[in-house]
Amino acid sequence: MAKTVEYRCPSCEGLMRFLPGSETLVCEYCGTKMTVEEMEESQKGDKKVQLEGFDFASLKDQATDENAMALPVCYCESCAAELIADLEQVAISCPYCGSRVMLSDKVSGPLRPDGIIPFQYESSALPDAVKKYYKGKKLLPKDFFSASRIGQVTGIYVPFWIFDGKLKGSLRYKGTKTSSSRSGDYIETRTDYYRITRDVSMEFANLPVDTSKKVDDALMDSLEPFDLTKAVPFDMAYLAGFAADRFDTPKSTTTRRAQNRMTTSAASLAQAQAGAGYGNVTREGGSLKTDLKAKYMLFPVYLFDVKYNDETYSFAFNGQTGKVVGKLPVDKKVSRSYFLTRMLIPAGLIFLWSLLTYFVGY
Amino acid sequence: MRAKKERKNIRYGMVLEGCFMAAFFLGLMLLMTRSVFAEKLWNEDFYRAVDGTGDLSDAQRNDLDKLCIEFMKNYHMDLSLLAVSSERREGMSLEEVGRQYYEECGFGYSLSYDGFQMVWDVGSGEVCIVAIGDAKGKVDEDYLAFVEKTVPDYQEEYGSFGPLYATYRFLDNYLKEDVADQDAGDTGDAQESKEETEQGLEEETRVIAQSDTAEGSKETGESQEAEDTNAGEEELSEEKNTATELPGQSTAGINPEEKGKRVVDRAGLFTQEQREETEKYLLELTEELQKDIVIFTDTTSAGQEHKVYAADFYDYGGYGFGPEFEGVCLFVCMDPEDRGWWCCCTGSETMGLYTETIANQIDDMLYPYMKSGDYYTGIRGWIENIRRMYQSGSPFLESWAVEEVSADSRFRDEGADRVVDDASLLKPEQIRKLEERVKELADAYNVDIAIHTVPGTGPLELKEYADRYYRHMGYGKGEDYKGILLCVQQYADYTPHLDISFFGEGYEELTEEAYSRLTGRTLSLIREGKYEDGLNLFCDMTENYLKKGRVPRSGLSWFLRLLFAVIVGAIIGGIALGRARSSMKTPAVSENADAYLVSGSLSVKGGNDTFLSSTTSRRYDPPSSSSGSSSSRSSSSSYSSSYSGSSGRSHSGSGRSF
């Protein structure tokens with residue numbers, strides 16, 4: 001059974017949860033506040049749940065088998081309910097009493113994150129942030145503001161691998177140089193073709209790649225950037241009150257994604273410099289060796305849906321920066337009238353000007 | 001025996017007597033023959049005194065001629081006096097010039113051509129007296145040198161007559177006094193001869209002046225009759241002299257009946273009436289211009305280049321005015337394998353006017369007529385272009401266009417044509433209709449309206465030409481000469497140009513936009529060759545402007561403006577929609593890591609670039625020409641700024657084949 005940790009208030013034994021934007025935990029019942037360090041000190045020697053049996057170490061490098069028999073079982077400290085946790089989850093909500101149950105083994109040992117960016121925003125900030133996000137979106141349906149509804153909001157720490165990379169290698173391009181001259185009634189154009197070889201090296205730092213299959217990559221990429229300077233050493237206390245996932249995307253997949261992003265950038269950035277003085281520069285070949293280092297971190301994200309006209313639109317809220325992203329509906333009628341008004345008004349003004357100038361004698 | 005001897009003696013005596021008689025008669029016959037023959041070698045037809053610079057008057061020339069004949073009769077030695085300009089020597093020494101001239105003119109007394117040839121280079125002042133035949137030794141060499149040195153001094157006071165007469169007088173004094181045996185170094189005799197020469201000069205000059213006054217009318221009358229009855233023959237006598245001065249030989253061949261004619265039509269391009277009319281016109285014109293204009297047509301150029309053939313005809317035909325033989329000759333060759341024309345110019349003034357630009361303009365005007373076979377019209381037009389070229393410096397400008405404009409010279413001419421088609425763009429019926437139209441407009445709006453087409457405006461800008469033309473024709477209504485003049489300039493098929501000038505006050509302000517609409521729409525039709533339509537459109541737009549103060553826009557113009565507005569609107573609408581769509585910010589997976597590049601870490605170092613291959617492409621792109629392209633013109637004229645014919649005289653010219 002997985003080892004679960006709950007944080008109880010020393011005053012009233014109520015559940016403690018981490019307060020976003022601070023380094024404190026707060027009791028949901030009596031309001032007692034304690035810092036993370038104080039809470040850790042108070043928890044030493046007070047482990048109420050014993051870890052039984054599941055070896056996560058073997059899952060370090062590969063995707064896990066979702067065979068229910070291998071799923072870890074844990075018990076809720078509040079109501080003693082038997083809970084089955086997904087292999088990737090490090091903190092779950094008890095479906096019976098709603099308590100947060102954290103599976104400490106999942107965040108210990110080799111699986112322990114190198115750092116965490118704590119939540120800075122409460123979930124109560126969401127409605128205003130979303131309204132602010134809607135503003136300026138001119139192609140939304142007219143009743144979207146009034147008729148849309150925010151669904152369940154889940155505050156979750158999403159697992160990311162943060163990559164630093166050094167790229168080095170040789171790239172080959174093809175480029176041309178042209179010259180023209182006049183010969184009688186003809187213009188002669190000479191085009192010389194060249195193979196361009198360049199030695200390229202560059203470094204990238206702090207490239208985040210989310211590793212949770214459950215979370216949409218597009219949403220996570222759109223939530224960037226996260227400010228890693230605000231990251232802190234991992235502590236379980238930060239997870240209090242939030243869900244958290246462990247990485248479940250194979251490292252090879254994640255590594256490949258990071259590599260692709262880096263090499264794509266490298267190719268385009270290098271091409272601009274390599275082709276100086278040439279025209280029609282195209283990549284011909286070459287390779288870059290990448291030397292990657294990765295850190296495992298947890299980033300704060302609120303996930304929620306917006307329902308409108310029986311359609312559900314997925315949104316995400318960056319728990320550190322407050323950035324909202326989500327797919328918005330585009331109303332065709334609104335688009336059409338938007339285009340027509342912006343076409344007819346200038347066209348009308350231009351033609352009116354022609355009429356005016358004619359009648360004054362131009 | 002004795003009788004036999006006596007009979008023998010008598011026979012001998014008779015034989016001797018017979019021999020004597022025969023010898024006597026033979027000798028007499030020889031003498032007579034010699035004198036007759038001598039008389040036959042001595043030809044009075046050629047003037048003995050010739051001044052190539054033209055300074056000598058006819059009276060002076062005649063007087064000198066008489067004196068030289070007298071000299072020849074007295075001393076049985078010819079005497080020829082020749083004044084030349086430095087250019088005419090063409091590098092030859094004076095002695096060479098003198099000997100050549102003497103020989104070509106056939107001067108000389110008796111079989112040994114005895115005589116003296118005096119040559120005076122007017123430019124340098126040098127004099128050379130050549131003794132030929134038995135004349136050598138008749139006058140001392142030193143005395144001749146003295147004369148050569150002295151006679152140029154008389155030019156200052158007596159003009160060309162001075163040195164020529166002085167030469168005669170010095171020689172006459174010498175031979176008359178028979179001082180041949182005296183020491184040539186005795187300058188006292190030379191001085192005495194000089195004094196007598198000077199006295200003679202004064203006396204002779206006075207006599208010539210009196211004879212001029214007394215006989216001026218007679219000589220003039222005679223010369224006038226000579227001009228009327230034999231046009232050019234008076235020139236002919238002078239020309240014959242000058243023609244025979246020329247070295248070389250004409251390739252054109254000069255027929256006696258052609259001499260002096262301004263129209264020599266060997267190719268038969270003109271009818272007799274056309275030829276006579278043109279001949280008469282050219283004689284009047286050349287007299288007025290003091291420049292020769294000659295038309296020469298032939299069925300061949302005798303294997304010569306047209307320019308040489310034309311030059312020879314002109315030079316050896318004795319044409320030209322003044323010391324530089326100013327004039328122009330148009331040679332038309334009708335050889336089926338070498339048809340073309342050449343305009344040959346002579347004289348510095350003519351050559352200076354006939355630039356390559358003007359040559360091309362004149363040839364462009366001539367070409368369509370020659371190509372179509374309307375030779376008479378084309379050549380008459382060519383003559384007018386040459387006339388204008390002499391009078392105004394441009395083949396298209398009349399003299400009024402280049403004269404100073406005086407404010408006092410303003411006038412109104414109600415009867416002047418309001419549609420003048422000098423560029424020959426319209427038919428007579430079209431001109432008539434336009435005249436009616438502009439008159440209607442002028443009467444309705446009290447504004448004079450005129451249309452003028454012109455082939456070219458020479459050095460003048462079209463606007464300036466239009467202004468002068470308006471004044472020259474006396475257009476304008478009211479005190480301020482109010483009117484509108486449309487000027488269209490086009491010749492051959494070059495790009496036409498157009499100007500609309502407004503004169504006087506009281507018009508609605510015409511903006512640049514409206515003005516360009518007025519000219520642009522008219523010009524676009526004229527460029528297509530729709531001259532009548534273009535000019536009618538001008539009248540319509542002018543009427544609208546005078547009536548409403550606006551120049552109307554065409555339906556096409558309105559449609560294009562509407563289309564432009566719609567296109568611009570669509571572009572703006574598209575841009576706005578695109579920006580609105582992008583602001584919807586649909587989440588997307590990032591494909592690159594540009595934002596995570598460590599600043600300053602990018603390093604791109606060059607290797608050796610390898611040349612692979614090369615390709616060359618050609619695109620046809622002829623240089624644009626402001627004159628536009630044409631398919632009906634032939635190639636441009638061949639122009640020569642300087643060349644010589646067989647005579648060595650310098651010419652310029654241009655020509656074209658057709």
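Below, chains carry the letters A, B, ... as their sequence lines are ordered, and counting in each starts from 1.
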Counting heavy-atom pairs under 4.5 Å with chain A, which one of [options] comes out on top?
options: B:Val566, B:Val568, B:Thr615, B:Thr616; value: B:Thr615
options: B:Pro587, B:Gly573, B:Ser599, B:Pro552; value: B:Pro587
options: B:Ala580, B:Ser583, B:Gly569; value: B:Gly569
options: B:Ile571, B:Leu577, B:Val604, B:Leu562; value: B:Val604

Could you tell me which portion of B:Phe564 (side chain, backbone, both or neither) has an atom closer than 4.5 angstrom to a non-hydrogen atom of chain A?
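Contact with chain A: side chain only.
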With a 4.5 angstrom heavy-atom cut-off, is it the side chain or the backbone of B:Ala576 that approaches chain A, or both, or neither?
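Interface part for B:Ala576: both.
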Side chains of [Y] and [X]: any donor to acceptor distance under 3.5 Å?
X: A:Glu224; Y: B:Tyr596; value: yes
X: B:Asn592; Y: A:Thr264; value: no
X: B:Asp363; Y: B:Ser654; value: yes

Please classify the contact between [X] and chain B as side chain, backbone, both or neither, with a heavy-atom cut-off of under 4.5 Å.
X: A:Tyr133; value: side chain
X: A:Phe351; value: both
X: A:Tyr134; value: neither
X: A:Asn260; value: backbone
X: A:Leu344; value: neither
X: A:Arg257; value: side chain
X: A:Lys177; value: neither
X: A:Ile345; value: neither

Classify the ring geometry of A:Phe315 against A:Phe304: parallel below 30°, tilted from 30° to 60°, perpendicular beyond 60°.
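The arrangement is parallel - the two ring planes meet at less than 30°.
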Quick one: sort the A:Phe317 and A:Tyr302 rings into parallel, tilted or perpendicular, breaks at 30° and 60°.
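Tilted: the ring planes of A:Phe317 and A:Tyr302 meet at 30° to 60°.
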Please walk me through it: do B:Gln490 and B:His497 pass side-chain contact (heavy atoms from CB on, under 4.5 Å)?
CA-CA 7 Å; B:Gln490 176 164 25; B:His497 299 280; over 6 Å; no
Option passing side-chain contact (heavy atoms from CB on, under 4.5 Å) with B:Phe538 (candidates B:Ile526, B:Leu498, B:Ile451, B:Leu525):
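For B:Phe538, the side-chain contact (heavy atoms from CB on, under 4.5 Å) check succeeds only for B:Ile451.
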A:Asp291 bridged to A:Lys168 by N-O distance under 4.0 Å
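No, no charged N to carboxylate O under 4.0 Å.
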Specify which of A:Phe339, A:Phe204, A:Tyr278 makes the most heavy-atom pairs with chain B at under 4.5 Å.
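Sorted descending by pairs with chain B, the first entry is A:Phe204.
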Does A:Trp161 form a side-chain contact (heavy atoms from CB on, under 4.5 Å) with A:Leu207? I'd like the steps, not just the answer.
CA-CA 8 Å; A:Trp161 284 104; A:Leu207 173 66; over 6 Å; no
Hey, are the side chains of A:Glu311 and A:Pro329 touching, using non-hydrogen atoms and a 4.5 Å cut-off?
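No, their side chains stay 4.5 Å or more apart.
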